[in-house]
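Okay, so here's the structure we're looking at.
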Amino acid sequence: QVQLVESGGGLVQPGGSLRLSCAGSGLTFSLYVMNWYRQVPGKERELVATISKAGGSTNYADSVKGRFTISRDNTKNTVYLQMNSLKPEDTAVYFCNAQLGSLHYWGKGTLVTVSS
């Protein structure tokens, strides 16, 4: 059974930082492209960042470029999202996603709230 478990969300002030983690189990982690998505109630889920299987290639949404960094450690079956210079508009539930072609697995999400 594949499981993706996110952690690291919480309340942070504008300008602050958070590091999200997503631990995978039940899958050959290194075979999967890993993504971070986020969703605000009433809006579509948005792709935030992507990292290739070996970690050599990354892509970001324009809204987070220069502020967020995605990384992975395949020896720990874990993907990370370092979020710096957080803004109120970054408030959302953040989801971890493992992708192999058209096959997708999702975590349950972790809430990030950016507010003073």
Side-chain angles (χ1 to χ4, degrees):
Q1 181 182 356
V2 175
Q3 282 194 315
L4 298 173
V5 180
E6 301 95 337
S7 61
L11 174 64
V12 63
Q13 291 188 342
S17 297
L18 280 176
R19 188 194 197 204
L20 305 183
S21 299
C22 170
S25 60
L27 75 170
T28 306
F29 191 79
S30 61
L31 295 182
Y32 289 77
V33 171
M34 296 301 297
N35 306 296
W36 283 99
Y37 285 77
R38 66 186 181 187
Q39 188 169 25
V40 175
K43 294 191 176 181
E44 289 190 1
R45 196 168 289 190
E46 173 191 19
L47 178 60
V48 174
T50 298
I51 188 164
S52 60
K53 299 171 189 178
S57 178
T58 58
N59 283 289
Y60 299 92
D62 288 343
S63 57
V64 307
K65 274 181 186 175
R67 300 188 298 121
F68 289 12
T69 302
I70 188 171
S71 61
R72 66 190 295 165
D73 185 340
N74 287 344
T75 66
K76 297 181 178 178
N77 287 1
T78 301
V79 62
Y80 306 97
L81 186 67
Q82 178 68 44
M83 304 186 295
N84 299 329
S85 302
L86 282 161
K87 304 175 181 180
E89 51 263 43
D90 294 318
T91 296
V93 178
Y94 284 72
F95 297 89
C96 175
N97 168 268
Q99 179 182 2
L100 179 61
S102 61
L103 180 63
H104 290 260
Y105 294 107
W106 293 91
K108 293 184 178 180
T110 185
L111 176 63
V112 172
T113 303
V114 184
S115 175
S116 54

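The line from OG of Ser71 to CD1 of Ile51 is 6.0 Å long, rounded to the nearest 0.5 Å. Distance check, rounded to the nearest 0.5 Å: OG of Ser25 to CD of Gln3 gives 4.5 Å. Here OG of Ser63 is found 8.5 Å from NZ of Lys87. Values are rounded to the nearest 0.5 Å. For the atom pair CZ of Arg38 and CD of Glu44, the computed distance is 14.0 Å after rounding to the nearest 0.5 Å. Between atom CZ of residue Arg67 and atom CG of residue Asp90 there is a gap of 4.0 Å, rounded to the nearest 0.5 Å. A distance of 5.0 Å separates OH in Tyr80 from CZ in Arg19, rounded to the nearest 0.5 Å.
Judged by distance alone, the side chain of Thr110 and the main-chain N or O of Tyr94 form no donor-acceptor pair under 3.5 Å. A donor-acceptor pair is defined here as one N or O able to donate and one able to accept, closer than 3.5 Å; no such pair exists between the side chain of Arg45 and the backbone of Val40. Between the side chain of Thr78 and the main chain of Lys76, a donor-acceptor pair closer than 3.5 Å is present.
Considering only residues two or more places apart in sequence or on other chains, Val93 meets the side-chain contact (heavy atoms from CB on, under 4.5 Å) condition with Phe95, Leu111.
In this structure, a donor-acceptor pair under 3.5 Å is present between the side chains of Asn35 and Thr50. Side-chain contact, Ser17 with Asn84: a donor N or O sits under 3.5 Å from an acceptor N or O.
Hydrophobic clustering of Ile, Leu, Val, Met, Phe, Trp and Tyr side chains at less than 4.5 Å, counting indirect connections, keeps Leu100 apart from Trp106. Under the 4.5 Å side-chain heavy-atom criterion for grouping Ile, Leu, Val, Met, Phe, Trp and Tyr, Tyr37 is not connected to Leu103 through any hydrophobic cluster. Each of Val33 and Tyr60 belongs to its own hydrophobic cluster when Ile, Leu, Val, Met, Phe, Trp and Tyr are linked at side-chain heavy-atom distances under 4.5 angstrom. Under the 4.5 Å side-chain heavy-atom criterion for ILVMFWY residues, a single connected hydrophobic cluster contains both Phe29 and Tyr105.
For an aromatic pair to be called close, the ring centres must be under 6.0 Å apart, and Phe68 with Trp36 fails this.
Across all non-hydrogen atoms, the minimal contact from Val64 to Val48 is CG2-O, 3.7 Å.
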